[in-house]
Protein chains: 2
Amino acid sequence: MKPPKSSKNDVFLRYKLWLSAVSGEGIVGEGTHLLLRKIEEKGSLKAAAEFLGISYRKAWGDIKKSEELLGYDLTVKRRGGIGGGQSDLTTKAKNLLEAYDALHKKMDTAIEEAYAEFKEKTK
Amino acid sequence: MKPPKSSKNDVFLRYKLWLSAVSGEGIVGEGTHLLLRKIEEKGSLKAAAEFLGISYRKAWGDIKKSEELLGYDLTVKRRGGIGGGQSDLTTKAKNLLEAYDALHKKMDTAIEEAYAEFKEKTK
DNA sequence: AGTCGATATGTAATCATTTTCATATCGACT
DNA sequence: AGTCGATATGAAAATGATTACATATCGACT
């Protein structure tokens, strides 16, 4: 195989965390998490999607899928009226985000703790 | 029919762990991990790919990509000869798997610890 | 020297995901 | 009543990932 590209080969650990149904189909992951945070900040799904650089269509579909998976609404949607409409987070969504963040922090700690050991073993 | 202890809306946490280069997407994840384990067991990439239900082409490409990312070989490949050829793990690959497993165990524990709390917060 | 079966690798075809496009609805405000 | 901008949603187009196919190489063993 090719010779190593020196420092380019410095790898690190990454992980993904998401909610999944028994069916195996997961959806509420990092993407949705970010999306929800942006909706919270901007008050609009459209603005959130734009900010994150994904299509409105996908953002909308992701939220819908997540809500179907969870069985409860994540956003309060309003159309028409001032500004054309808006989306806000439900209390449940806020709780979900809070729990998600806490878990992420735990995972980060676990990763950090294991990282040195990992590099030692694989160097 | 049985009383569903878990409704269709009962979700649970899942995670993925992988190695990534600074450049971008990583490759040595669960799939490659399983693939390497199977190569170790079967002594052949072809047999491993078949067992896992993925194409030989993809399996081969995954290993190659991983090796390029890491900068060292994961398998010792031989073609021709008895049986047509074989693939075996390098010592570094074995170390990598061992480290990966250990880390996975840590992550599992972290998840487990956080799960009850998570469900409480999101119920 | 020829067979066999696995590795090696390019390319076309297929399948999955995401974006684009298109069109409808809603409601506060002119 | 008509405008505006965001939500709602289907369908086509584009992108990306994976498989299928095709062909070459290698080397122990007949």
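Chain identifiers are assigned alphabetically (A, B, ...) following the order of the sequence lines, protein sequences preceding nucleic acid strands; residue numbering begins at 1 within each chain. Because only heavy atoms are used, hydrogens play no part in the values below, and waters and symmetry mates are left out as well, while side chains stay in.
- Taking atom NZ of residue Lys58(B) and atom P of nucleotide dC15(C), one finds them 17 Å apart after rounding to whole Å.
- In this structure, Glu67(A) places its CD atom 11 Å from P of dT9(D), rounding to the nearest Å.
- Nucleotide dT20(C) forms a pair with dA11(D), judged by Watson-Crick or G-U wobble geometry with both contacts under 3.5 Å.
- Listed pair Lys64(B) / dT9(C) meets the phosphate criterion, a side-chain N or O lying under 4.0 Å from OP1 or OP2.
- In this structure, Asp101(A) CG and Leu96(A) CG are separated by 9.5 Å, a value rounded to the nearest 0.5 Å.
- Ionic pairing of Glu67(A) and Lys64(A) is not present here: no N-O contact between side-chain nitrogen and carboxylate oxygen is shorter than 4.0 angstrom.
- Base contact: Gly81(A) has a heavy atom under 4.0 Å from a base atom.
- Residue Ser44(A) is in sugar-phosphate contact alone, with no base atom involved, counting any heavy-atom pair closer than 4.0 Å across all strands shown.
- If you measure from atom CD of Glu50(B) to atom C1' of dT19(D), you get 14 Å, rounded to the nearest angstrom.
- One interatomic measurement links the two molecules: NZ of Lys65(B) to P of dG16(D), which rounds to 13 Å at whole-angstrom precision.
- In this structure, Phe51(A) places its CZ atom 19 Å from C1' of dA6(D), rounding to the nearest Å.
- Rounding to the nearest 0.5 Å gives a distance of 10.0 Å between CZ of Arg57(B) and CG of Asp62(B).
- For Trp60(B), a side-chain nitrogen or oxygen approaches OP1 or OP2 of dA8(C) to under 4.0 Å.
- Checking Gly84(A) against Ala59(A), the closest nucleotide of DNA chain C that is more toward the 5' end is the one next to Ala59(A).
- Look at dG2(C): its Watson-Crick or wobble partner, with both distances under 3.5 angstrom, is dC29(D).
- Contact annotation for Gly85(B): backbone-only contact, meaning every heavy-atom pair under 4.0 Å involves sugar-phosphate atoms and none involves a base.
- When distances are taken from the side chain of Arg79(A) to each of dT25(C), dT7(C), dT9(D), the shortest belongs to dT25(C).
- Positionally, the nearest nucleotide of DNA chain C for Ser55(A) lies more toward the 5' end than for the other of Ser55(A) and Ile82(A).
- For Lys94(B) and Glu98(B), the salt-bridge test fails: no basic side-chain N is under 4.0 Å from an acidic carboxylate O.
- If you take NZ of Lys42(A) and C1' of dA6(D), they are 15 Å apart, rounded to a whole angstrom.
- The CG atom of Leu45(A) sits 11 Å away from the P atom of dA6(D) (whole-angstrom rounding).
- Per the geometry, CZ belonging to Arg78(B) stands 13 Å off P belonging to dC29(D), to the nearest Å.
- Among Leu34(A), Leu45(A), Leu74(A), Asp88(A), the one residue that satisfies the side-chain contact (heavy atoms from CB on, under 4.5 Å) test with Ile39(A) is Leu45(A).
- Pairing partner, dT19(D): dA12(C), with both Watson-Crick or wobble hydrogen-bond distances short of 3.5 Å.
- The 5' end of DNA chain D is approached more closely, in terms of each residue's nearest nucleotide, by Gln86(A) than by the other of Gln86(A) and Arg57(A).
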